[in-house]
Amino acid sequence: MSTRPHPDAPDVIRSAYAQLAVTDLGAARWFWVDMLGFHVQYEDTDALYLRGTDELTHHSLVLRKGPIAALDHLAYRVRTPDDIDKAEKFFRQLGRPVKRLKKGEGTHGVGDAVRVIDPLGFPVEFFHEIDRAERLIQRYDLRHGAEIARLDHFNICTPDIPAAYAHYQSLGFGCSETIEGQSEDGEHELYAAWMYRKQTVHDVAFTGGAGPRLHHLGVATHESHQVLRAADIFGALHKEHHIERGPGRHGVSNAFYLYLRDPDGHRVEIYTSDYYTGDPDHETYRWNVHDDRRRDFWGNAVIPSWYKEATPVLDLDGSPQSVSDAVLDEAAVQVGADGLG
């Protein structure tokens with residue numbers, strides 16, 4: 001599965017920000033700002049614009065008040081202004097819905113952009129210009145909660161993992177790790193993939209399941225003790241019900257993790273300890289679907305909600321999109337007593 005970008009594809013730099021619709025902006029502020037430690041860069045009556053301590057751009061997360069909890073859109077930064085034109089042309093050639101946004105028409109702080117519904121059904125924005133922000137990297141006096149440093153990745157639920165892989169391959173994404181196996185009739189199956197443009201394990205990953213839905217946002221902190229501190233703070237305040245899974249160590253990516261659910265049910269992973277993928281000959285690491293360490297390196301079971309529950313996504317007009325059932329269900333794969341059965 002080599003990466004062959006389409007010649008007309010825009011040059012994507014990295015996952016840049018996500019915009020979530022939340023039903024209670026005050027409750028969302030408590031969770032994302034007070035508890036996780038995001039910095040409020042800008043706010044108005046209907047939205048919060050947040051960033052981590054390491055981020056020098058205006059925001060990496062927008063929380064917008066809406067009638068239902070949903071993903072409004074994911075956003076990737078592209079290398080040049082010309083790549084916005086390329087993105088518009090690329091997705092129009094695919095026959096996908098496309099909306100061009102001039103500066104001031106879209107998200108606050110972002111310049112010209114193209115917002116599309118991609119072939120997987122996700123609302124995705126491509127932009128180049130974004131306002132700069134004050135350097136907070138050494139403002140240790142402002143750190144609190146989980147001390148979130150930056151947005152790391154998106155994880156999306158899609159019923160067709162090979163189609164997701166092919167789409168992001170066409171956008172020039174590399175693949176760091178996969179989960180693979182054979183069906184009962186001997187056919188090769190791709191159950192999950194972790195794909196990147198920045199030089200980490202992933203900017204986007206695919207979880208098999210009904211989709212399009214957002215599985216989680218991955219946000220990075222510098223050290224594992226900050227992940228543990230986040231869990232302790234939720235426990236100390238008797239808010240431990242927000243902890244869904246972990247702390248633990250992933251097999252895939254090697255990340256130390258904690259999964260939380262915000263007051264609207266949006267899932268976030270606090271994430272640290274992955275690795276560099278920038279060498280041009282970086283090889284994909286392939287996990288066997290029967291290896292129980294793939295999801296948790298220590299062998300801890302994955303609870304059903306982690307596989308089955310996810311955030312709905314909106315179309316370009318703000319209406320919820322329908323979902324399709326999964327072609328493959330990784331959660332249904334039987335694992336032997338030795339983890340490799």
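The model shown is predicted, which means the values in this text are computed figures rather than measured ones. Along the sequence shown, residues carry numbers from 1.
- The one candidate from Val268, Thr53, Leu36, Asp54 that meets the side chain to side chain contact (heavy atoms under 4.5 Å, CB included) condition with Ile148 is Leu36.
- A distance of 6.0 Å or more separates the ring centres of Phe297 and Tyr257.
- In this structure, CG in Asn155 is found 8.0 Å from CG in Leu214, a value given to the nearest 0.5 Å.
- Looking at Thr221, its side chain does come within 3.5 Å of a backbone N or O of Glu147 through a donor-acceptor pair.
- Aromatic pair His108/His59: centroids not less than 6.0 angstrom apart.
- Grouping the Ile, Leu, Val, Met, Phe, Trp and Tyr side chains by contacts below 4.5 angstrom, directly or via other members, places Leu94 with Leu120.
- Hydrophobic clustering of Ile, Leu, Val, Met, Phe, Trp and Tyr side chains at less than 4.5 Å, counting indirect connections, keeps Val110 apart from Val116.
- Once rounded to the nearest 0.5 Å, the distance linking CD of Glu309 with CZ of Arg213 reads 9.0 Å.
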Practice item. Determine, step by step, whether Tyr196 and Tyr276 satisfy the ring pair (Phe, Tyr, Trp, His ring centres under 6.0 Å) criterion, reporting the C-alpha distance in whole Å, the side-chain angles of both residues, the deciding distance to 0.1 Å, and the verdict. Key: CA-CA 11 Å; Tyr196 62 90; Tyr276 175 77; 9.4 Å; no
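- Each of His250, His202, His222 was checked for a ring-ring contact (aromatic ring centres under 6.0 Å, His included) with Tyr271, and the lone residue meeting it is His202.
- Salt bridge Arg77/Asp83: absent, no basic N to carboxylate O contact under 4.0 Å.
- At a cut-off of 3.5 Å, with distance as the only test, no side-chain donor of Gln226 or Thr272 sits close to an acceptor on the other residue.
- When atom types are taken as modelled, the side chain of Thr178 and the backbone of Glu180 share no donor-acceptor pair closer than 3.5 angstrom.
- Summarising the geometry, atom CG belonging to Asp315 is positioned 10.0 Å from atom CG belonging to Asp72; distances are rounded to the nearest 0.5 Å.
- The 12-atom threshold is exceeded at CD of Gln93, counting heavy atoms of other residues, nucleotides or ligands nearer than 6.0 Å.
- A donor-acceptor contact closer than 3.5 angstrom links the side chains of Glu269 and His216.
- Here the CD1-CG distance, from Ile117 to Leu314, works out to 8.5 Å after rounding to the nearest 0.5 Å.
- Note: Phe173 and Tyr76 meet the aromatic proximity criterion, with ring centroids under 6.0 Å apart.
- With hydrogens and angles disregarded, a donor-acceptor distance shorter than 3.5 Å links the side chain of Arg249 to the backbone of Asn254.
- Considering Tyr168, Phe122, Tyr165 as possible partners of Phe206, the one that fulfils the ring-ring contact (aromatic ring centres under 6.0 Å, His included) test is Tyr168.
- Counting non-hydrogen atoms of other residues, nucleotides and ligands closer than 6.0 Å to NZ of Lys89 gives a total of 12 or fewer.
- Taking CG from Leu171 and CG from Asp11, the interatomic distance works out to 10.5 Å, rounded to the nearest 0.5 Å.
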Practice item. Evaluate the side-chain contact (heavy atoms from CB on, under 4.5 Å) criterion for residues Phe127 and Thr107: first the C-alpha distance (whole Å), next the side-chain angles of each, then the deciding distance (0.1 Å), finally the verdict. Key: CA-CA 10 Å; Phe127 73 93; Thr107 302; over 6 Å; no
**Study point:** Test side-chain contact (heavy atoms from CB on, under 4.5 Å) applied to Tyr191 and Ile161, step by step
**Key:** CA-CA 6 Å; Tyr191 288 89; Ile161 299 297; 5.8 Å; no
Review point. Should Glu125 and Leu101 be marked as a side-chain contact (heavy atoms from CB on, under 4.5 Å) after you check the CA-CA gap, both sets of side-chain angles, and the distance that decides it?
Key: CA-CA 10 Å; Glu125 179 177 283; Leu101 298 168; 4.1 Å; yes
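- The environment of His238 atom NE2 is sparse: at most 12 non-hydrogen atoms of other residues, nucleotides or ligands sit within 6.0 angstrom.
- Geometric assessment of Arg294 against the ring of Trp287 yields a negative cation-pi assignment under the 6.0 Å and 45° thresholds.
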**Study point:** Steps toward side-chain contact (heavy atoms from CB on, under 4.5 Å) verdict (Lys239, Ile233)
**Key:** CA-CA 8 Å; Lys239 300 294 185 180; Ile233 294 172; over 6 Å; no
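- The cluster map of Ile, Leu, Val, Met, Phe, Trp and Tyr, joined by side-chain heavy atoms under 4.5 Å apart, puts Met35 and Leu228 in the same cluster.
- The two residues Gln321 and Gly121 make their nearest non-hydrogen contact at NE2-O, 2.7 Å.
- For the pair Ser176 (side chain) and Trp194 (backbone), a donor-acceptor distance under 3.5 Å is present.
- In the model, His39 has no side-chain atom that pairs as donor or acceptor with a side-chain atom of Glu55 under 3.5 Å.
- Of the N and O atoms on the side chains of Thr277 and His282, not one donor lies less than 3.5 Å from an acceptor on the other residue.
- For Tyr17 and His73, the ring centers sit closer than 6.0 Å to each other.
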**Study point:** Derivation and outcome, ring pair (Phe, Tyr, Trp, His ring centres under 6.0 Å), residues His242 and Trp30
**Key:** CA-CA 12 Å; His242 287 281; Trp30 167 81; 5.3 Å; yes
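- Between the side chain of His215 and the main chain of Trp306, a donor-acceptor pair closer than 3.5 Å is present.
- Using a 4.0 Å cut-off between charged nitrogen and carboxylate oxygen, Lys65 and Asp46 do not count as a salt-bridge pair.
- Arg229 contributes no side-chain N or O that, together with a main-chain N or O of Ala146, makes up a donor-acceptor pair within less than 3.5 Å.
- With hydrogens and angles ignored, the 3.5 Å screen pairs no side-chain donor or acceptor of Asp296 with any backbone N or O of Val302.
- Looking at Asp8, its side chain never comes within 3.5 Å of a backbone N or O of Phe90 through a donor-acceptor pair.
- Checking side-chain atoms of Asp112 against main-chain N and O of Lys103 turns up a donor-acceptor pair under 3.5 Å.
- Side-chain N or O atoms of Glu244 include none that pairs as donor or acceptor with a backbone N or O of Arg267 at under 3.5 Å.
- With values rounded to the nearest 0.5 angstrom, Thr57 atom OG1 is found 12.0 Å from Arg150 atom CZ.
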